[in-house]
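Here the structure comes first, spelled out in structure tokens, and everything after it is commentary.
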Amino acid sequence: MTHQKEVFKPINPGRAGMYVCGPTVYGDAHLGHARPGVTFDVLAKLLKHLGYKVRYVRNITDVGHLEHDADEGEDKIAKKARLEQLEPMEVVQTYTLRYHEAMRLLNVAPPSIEPRASGHVIEQIEAVKKILEAGYAYESNGSVYFDVQKYNKDHQYGILSGRNLDDTLEGTRELDGQGDKRAPYDFALWKKAEPEHIMHWPSPWSEGFPGWHLECSVMGEKYLGEEFDIHGGGMDLMFPHHECEIAQNVASRGTQGVHYWVHNNMITINGQKMGKSLGNFITLPEMFAGTHPKLEQAYAPMTVRFFILQAHYRGTLDFSNEALQAAEKGLARLMQAARDLYAMAGRKAPSWQYGEEAFGIAPDSCPATSPEVKAVWEGVYDTLCDDMNTPGTVSQLFEAVRLINSAKAGSVKLSEGDIQTLVQIFDDVVFGVLGLRDDEGAGAGGKVIEGLMDMVLEERAKAKAAKDWATSDHIRDSLAALGIKVKDTKDGVEWSL
Ligand code: ZN
């Protein structure tokens with residue numbers, strides 16, 4: 001079948017292991033976090049829909065991510081703690097919870113495991129020992145550095161990004177503390193803590209803390225094994241973070257460890273890179289409330305999610321008011337078609353809540369009789385399985401919208417099998433894999449209307465029981481004026497939009 005083609009070859013049949021670099025929690029989640037959040041959420045859901053048992057690990061960086069080139073300067077979390085006079089773990093707790101809340105609003109399901117770097121210092125110390133024993137690291141004044149030159153003689157440093165050692169020298173800044181390194185491209189595996197550094201642990205080399213790149217090598221191995229299927233993250237992490245991870249893996253366990261690297265591209269704002277100095281650094285709470293000066297209005301989390309899905313994850317994505325407003329309109333059309341479709345099918349939209357995944361495994365065939373509906377069904381799976389081409393999937397969905405609208409207008413006749421196929425696409429793909437939600441209506445977690453309707457119909461039932469016909473008729477007529485039809489059946493009251 002179209003969607004069963006072998007595009008993904010897992011290490012263990014029927015299982016998929018995925019590690020994604022999560023946030024460094026020292027500030028609010030921003031647009032740069034939304035993209036990997038949504039991208040890898042869709043990938044995990046797609047793999048589940050294709051029948052794999054997925055273990056998705058996404059870490060929280062709560063120590064060791066330094067300000068300059070990730071490897072020099074002050075620890076980002078320790079700095080925030082110093083500025084706000086907090087305990088570093090208070091900073092971590094605050095922003096981890098706020099990150100979770102932003103992801104919940106975006107309908108990004110929680111990962112299977114969310115390990116923290118500070119909870120894996122013992123494992124990181126063990127990894128440093130192994131790399132030292134293998135001869136690819138050296139100790140210098142209580143810190144331990146990876147010997148990139150030595151490694152590059154025996155293996156290839158830069159295999160992922162295609163950079164060579166000379167390339168990596170360019171742009172490397174001379175910074176304080178570099179005196180401890182033999183070469184500027186060497187990176188820290190363990191750093192001796194300066195007296196003012198508040199987060200530190202004992203080790204054989206010094207009272208200090210692990211280098212940032214090490215945590216992902218160690219936590220990936222701990223939860224997914226020496227070799228696992230997929231490693232994801234933003235494109236900006238490819239070098240040096242993931243390149244260093246590969247070098248550490250080869251040096252400590254003799255294997256690169258990762259079968260597929262998946263990187264989402266960066267976002268821009270009105271064509272510019274997002275940055276605090278450019279005044280276009282937009283956090284997700286600002287986006288959802290419309291409070292940033294660059295925003296003309298508030299954008300609902302589902303608009304942001306849908307907008308992200310309209311671009312291929314490997315392409316850049318430019319946020320502008322115009323593009324977001326277009327996405328808002330497109331999403332509204334898709335959701336209206338969903339309501340019409342479920343009404344045609346005489347059933348409710350799926351209503352699973354955040355974190356629950358009730359959508360089914362992709363069927364091998366569809367019962368559609370219309371060639372157009374069949375083509376949409378095939379197109380949806382072809383695009384999803386073609387390197388997660390979500391913009392292609394979205395354009396197939398708008399083909400479905402066109403068919404639903406034509407059927408509603410009476411210009412196209414859909415068979416029962418056609419409607420069943422379209423319902424499966426909305427259940428499993430729109431609300432399932434793509435994780436969209438009908439916040440205005442009743443679809444997949446959009447409980448607002450359903451909850452209100454339950455309340456209103458309860459009032460109508462009470463009025464009827466009390467033989468208060470004026471009130472019950474008034475409720476029925478008011479709902480009809482809103483386009484909501486209420487029907488009394490022997491099983492109770494049914495309503496449709
Ligand atoms: Zn990482």
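Counting starts at 1 for both ligands and their atoms, following the listed order. Not measured: the values here are computed from a predicted model.
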Original post:
Going by atom types alone, do N249 and S217 pair a side-chain donor with an acceptor below 3.5 Å?
Top reply: yes

Original post:
When you check the space around the Zn ion (ligand 1), which protein N, O or S atoms turn up under 2.8 Å?
Top reply: C21 SG, C216 SG, H241 NE2

Subject >> Validation row, ring centre F319 to ring centre F307 under 6.0 Å >> reply: yes

Subject >> Salt bridge flag under 4.0 Å for residues R82 and E196 >> reply: no

Original post:
Distance under 6.0 Å and angle within 45° of the ring axis: does R182 meet both against Y138?
Top reply: yes

Subject >> Donor-acceptor contact below 3.5 Å, side chain Q124 vs main chain H120 >> reply: yes

Original post:
Is it true that E133 and K130 make a salt bridge, defined as a side-chain N closer than 4.0 Å to a carboxylate O?
Top reply: no

